[in-house]
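Nothing here was measured: the structure is a model prediction, and the numbers come from that model.
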Amino acid sequence: MRLSRYFLPVLKETPAEAQIVSHRLMLRAGMIRQASAGIYSWLPLGYKVLRRIEDIVHEEQQRAGHIPVLMPTIQSADLWRESGRYDDYGQEMLRIRDRHERDMLYGPTNEELITDIFRAHVGSYKALPLTLYHIQWKFRDEVRPRFGVMRGREFLMKDGYNFDLTKEDALHAYNRHLVTYLRTYERLGLQAIPMRADSGPIGGDDTHEFLVLAETGESEVFYDSAITDLTFGDRAIDYDSREECRAVLEEFTSRYARTDETHDEALFNAIPEERRKSARGIEVGQIFYFGTKYSEPMGAMVTNEAGERVPVHMGSHGIGVSRLVGAIIEASHDEKGIVWPESVAPFGVGIVNLKQGDAAADAACEDAYAKLAAAGLDPLYDDREERAGAKFATMDLIGLPWRLTIGPRGLAAGTVELTRRKTGETQELSLESALAKLTA
RNA sequence: CGGAGCGUAGCGCAGCCUGGUAGCGCAUCUGCUUUGGGAGCAGAGGGCCGGAGGUUCGAAUCCUCUCGCUCCGACCA
């Protein structure tokens, strides 16, 4: 993409309403624009990052055999009356009436809809296990939206639902989801710690929240510092293996890690003092096992091997996709701007032409641009008639992993500069070596 | 939902108290000079001062109502 033809409305000054760093940087980098309280338009740069996160979430879900679907945002109140949640959910649910005076709602979550789909089409235990998920916009009418996309009213969420014959099967699905989430967050460049949590209006016995440690987090968390040494890494795992999935769950949840909702002072104090940590965290996902809470009232039954009709065991699992954009920035930025992990960066490399209009610089930039694009690196070429300082400031702000700086002075000496955003480390080398390094 | 604020140009703000027909910086456009970390000079465009009523000869300014947004708290997958 040529910056001169892109739409990147960066701001020099910080809008007054933005309190936390991710919100400020998203506004300044031209990623979002507030439409109303807690509701945002995603501008090109923000949208690209959002889509890249979505892609990773999809890949990790499908790797585990989970099947993508897409359910609507607007739902009928009737299904929610069946589950009993229409009255329970309270004012956080946006209620709508259509022209025929039917009660509708903008979905805050999808247990009812997915259960309806399941019961309409599945009647035999032979179709199990089944996990369906989607990535769709949700609306929760928060009393007080704040912090930009971190706590919006409208937000993009991946929500998945597993259907299993027995509790044991459903618990395996729970463990399997925990593994997919660990992998997903690590690919996003985040350390997200699973913590025992409260189930809230979803209900159920077993639930873990995933929290990213950040000063601006909304939750207070308490944990054994040994847990931050754990990484899932690139290990191979058989998602169908109950033993392997349970081992991962045990590895990642055996040490103390809880939010203030479930914090237990006595257990916490049993940890050696030097490992006792309290911090703030951003909740980026949660997994639940809730058994037959929805399948029983809504009649999601299958016939088992013995010919009996039994309610299926279910769980649900969510990742706050739009919130993750903010969470990643909270976890990865500096005083100059955003520092994107390579996996979600909106462009792979930025090309800065120090002297637009200089024949040698223009030619070298065009050459680099064409080659990097051909190599699939999705370069952003700053070909604007701007001074070097302005171009550097823009690149630093939007946080691309690499910056290729090309100018007449360097070209005369046969070099260009390659700078790593994360460290600021710059090396001077020939254009050919720089391209080779980037495309390696 | 309790408390506190704020709505004036794309962004950041002044003007309001003490009414007289709107201003500054950044951004934008034009020209010239500049050109390796957010350039300088000169000029230009852009506003029904959130909305509706009211008071007044006259309202951004005073009064009433209303809408929107933000912050603190409570609440909250």
Chemist: Applying a 4.0 Å non-hydrogen cut-off, can you work out what A:R153 is touching in the nucleic acid: base, sugar-phosphate, or nothing?
Modeler: nothing
Chemist: Can you tell me the distance, in whole Å, between the CD atom of A:E92 and the C1' atom of B:C76?
Modeler: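 Going from A:E92 (CD) to B:C76 (C1'), I get 5 Å.
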Chemist: Does A:R403 contact B:G37 through a side-chain donor or acceptor facing the base, at a distance under 3.5 Å?
Modeler: yes
Chemist: For nucleotides B:A22 and B:A14, find the distance between their C1' atoms and express it as a whole number of Å.
Modeler: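 Approximately 11 Å lies between the C1' atom of B:A22 and that of B:A14.
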Chemist: Determine whether a donor-acceptor pair (one donor, one acceptor, N or O, separation below 3.5 Å) exists between the side chain of A:R28 and the base of B:G38.
Modeler: yes
Chemist: I want to verify a distance call: between B:G12, B:G36, B:C75, whose nearest atom is closest to the A:V143 side chain?
Modeler: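 Of the options given, the side chain of A:V143 lies nearest B:C75.
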Chemist: Does A:G320 reach a base, just sugar-phosphate, or nothing at all? Heavy atoms under 4.0 Å.
Modeler: nothing
Chemist: Taking the nucleotide of RNA chain B with the nearest heavy atom to each, does A:I406 or A:A37 sit closer to the 5' end?
Modeler: A:I406
Chemist: Taking the same atom, P, in B:A74 and in B:A27, what whole-Å distance lies between them?
Modeler: 42 Å
Chemist: Tell me what A:E218 touches on the nucleic acid: a base, only sugar-phosphate, or nothing, going by heavy atoms under 4.0 Å.
Modeler: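 The residue A:E218 makes no contact with any strand.
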Chemist: Please classify the nucleic acid contact of A:A388 as base, sugar-phosphate, or nothing, using heavy-atom distances under 4.0 Å.
Modeler: sugar-phosphate
Chemist: Taking atom OH as the centre, does A:Y47 end up with more than 12 heavy-atom neighbours from other residues, nucleotides or ligands that are less than 6.0 angstrom away?
Modeler: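 Open: at most 12 neighbouring heavy atoms sit under 6.0 Å from OH of A:Y47.
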Chemist: If you look at every strand shown and take non-hydrogen atoms under 4.0 Å, does A:E13 touch a base, only sugar-phosphate, or nothing?
Modeler: base
Chemist: Taking the same atom, C1', in B:C32 and in B:G25, what whole-Å distance lies between them?
Modeler: 23 Å
Chemist: Partner lookup for B:U61, please. Criteria are Watson-Crick or G-U wobble with both distances under 3.5 angstrom; report none if nothing qualifies.
Modeler: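 B:U61 is paired with nothing.
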Chemist: For atom CD of A:E220, decide whether the heavy atoms of other residues, nucleotides or ligands shown that lie under 6.0 angstrom number more than 12.
Modeler: yes
Chemist: Cation-pi between A:R81 and A:Y86: NZ/CZ under 6.0 Å from ring centre and within 45° of the ring axis?
Modeler: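 Output yes; distance and angle both within limits.
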Chemist: Should the heavy atoms of other residues, nucleotides or ligands under 6.0 Å from CZ of A:R51 be counted, would the total exceed 12?
Modeler: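 Check fails, neighbour count at 12 or below.
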Chemist: Nearest to the side chain of A:L397, which nucleotide is it out of B:C76, B:C71, B:G38?
Modeler: B:G38
Chemist: Between P on B:G37 and CD1 on A:I398, what's the gap in Å once rounded to a whole number?
Modeler: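 One finds 19 Å between P of B:G37 and CD1 of A:I398, rounded.
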Chemist: Applying a 4.0 Å non-hydrogen cut-off, can you work out what A:Q34 is touching in the nucleic acid: base, sugar-phosphate, or nothing?
Modeler: sugar-phosphate
Chemist: Should the heavy atoms of other residues, nucleotides or ligands under 6.0 Å from NZ of A:K422 be counted, would the total exceed 12?
Modeler: no
Chemist: Could you state the CZ-C1' distance from A:F392 to B:G38, rounded to the nearest angstrom?
Modeler: 12 Å
Chemist: Does NZ or CZ of A:K138 fall inside the cone over A:Y106's six-membered ring, less than 6.0 Å from its centre and within 45° of the axis?
Modeler: no
Chemist: Could you tell me which nucleotide pairs with B:G68 by Watson-Crick or G-U wobble geometry, both distances under 3.5 Å, or answer none if nothing does?
Modeler: B:C6
Chemist: Mind checking the C1' distance from B:A9 to B:U28? Whole angstroms is fine.
Modeler: 11 Å
Chemist: Return the nucleotide paired to B:A44: Watson-Crick means purine N1 to pyrimidine N3 with N6-O4 or O6-N4, wobble means G-U with N1-O2 and O6-N3, both under 3.5 Å.
Modeler: B:U28
Chemist: Using both distances under 3.5 Å as the test, list the Watson-Crick or G-U wobble partner of B:G23, or none.
Modeler: B:C13
Chemist: Taking any heavy-atom pair under 4.0 Å as a contact, classify A:S36: base, sugar-phosphate, or nothing.
Modeler: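 Sugar-phosphate contact only - A:S36 comes under 4.0 Å of backbone atoms but never of a base.
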Chemist: Regarding A:R421 and the six-membered ring of A:W402, is the cationic atom NZ or CZ under 6.0 Å from the ring centre and inside 45° of its axis?
Modeler: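 No.
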Chemist: Measure CZ/A:R144 against P/B:C75 and give the value in whole Å, please.
Modeler: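 Rounded to the whole Å, the gap is 13 Å.
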Chemist: Could you tell me how far apart A:L27 (CG) and B:C26 (P) are, to the nearest whole angstrom?
Modeler: 22 Å
Chemist: Of the listed nucleotides (B:G36, B:G38, B:C11), which one gets closest to any side-chain atom of A:L354?
Modeler: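 Comparing B:G36, B:G38, B:C11 against the side chain of A:L354, the answer is B:G36.
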Chemist: Ignoring backbone atoms, establish whether A:K12 has a side-chain N or O less than 4.0 Å from OP1 or OP2 of B:A27.
Modeler: yes
Chemist: At under 4.0 Å between heavy atoms, what does A:R323 touch on the DNA or RNA strands: base, sugar-phosphate, or nothing?
Modeler: nothing
Chemist: Under a 3.5 Å cut-off for both contacts, is B:G73 paired Watson-Crick or G-U wobble with anything, and if yes, with which nucleotide?
Modeler: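 Paired with B:C1.
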Chemist: Between B:G37, B:C76, B:U70, which one does the side chain of A:K336 approach most closely?
Modeler: B:G37
Chemist: If I pick the C1' atom on B:C41 and the same atom on B:U34, what distance separates them, to the nearest angstrom?
Modeler: 11 Å
Chemist: Give the rounded distance in Å between these two atoms: NZ of A:K355 and C1' of B:G37.
Modeler: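 Rounded to whole Å, this separation is 17 Å.
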Chemist: If you measure from the P atom in B:C62 to the same atom in B:C26, how many Å do you get, rounded?
Modeler: 30 Å
Chemist: Go through B:G36, B:A39, B:A74 for me and flag the one nearest to the A:R387 side chain.
Modeler: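 Among the listed nucleotides, the one closest to the side chain of A:R387 is B:A39.
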Chemist: How long is the line joining CG of A:D260 and P of B:C75, in whole Å?
Modeler: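 Between P of B:C75 and CG of A:D260: 11 Å.
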Chemist: B:A4 and B:G45: how far apart are their P atoms, nearest whole angstrom?
Modeler: 44 Å
Chemist: Return the value, rounded to whole Å, for the distance between atom CD of A:E417 and atom P of B:G37.
Modeler: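 The distance from CD of A:E417 to P of B:G37 comes to 11 Å, rounded to the nearest Å.
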Chemist: Taking for each residue the nucleotide of RNA chain B with the nearest heavy atom, is it A:H317 or A:R384 whose nucleotide lies nearer the 5' end?
Modeler: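 Final value for this comparison: A:R384.
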Chemist: Looking at B:G36, which nucleotide sits across from it as a Watson-Crick or G-U wobble partner, both distances under 3.5 angstrom, or is there none?
Modeler: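 WC or wobble partner does not exist here.
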Chemist: When rounded to the nearest Å, what value does the distance between C1' atoms of B:A60 and B:G47 take?
Modeler: 11 Å
Chemist: Assign the ring pair A:Y181 / A:H317 to parallel, tilted or perpendicular, where the plane angle (0 to 90°) is split at 30° and 60°.
Modeler: perpendicular
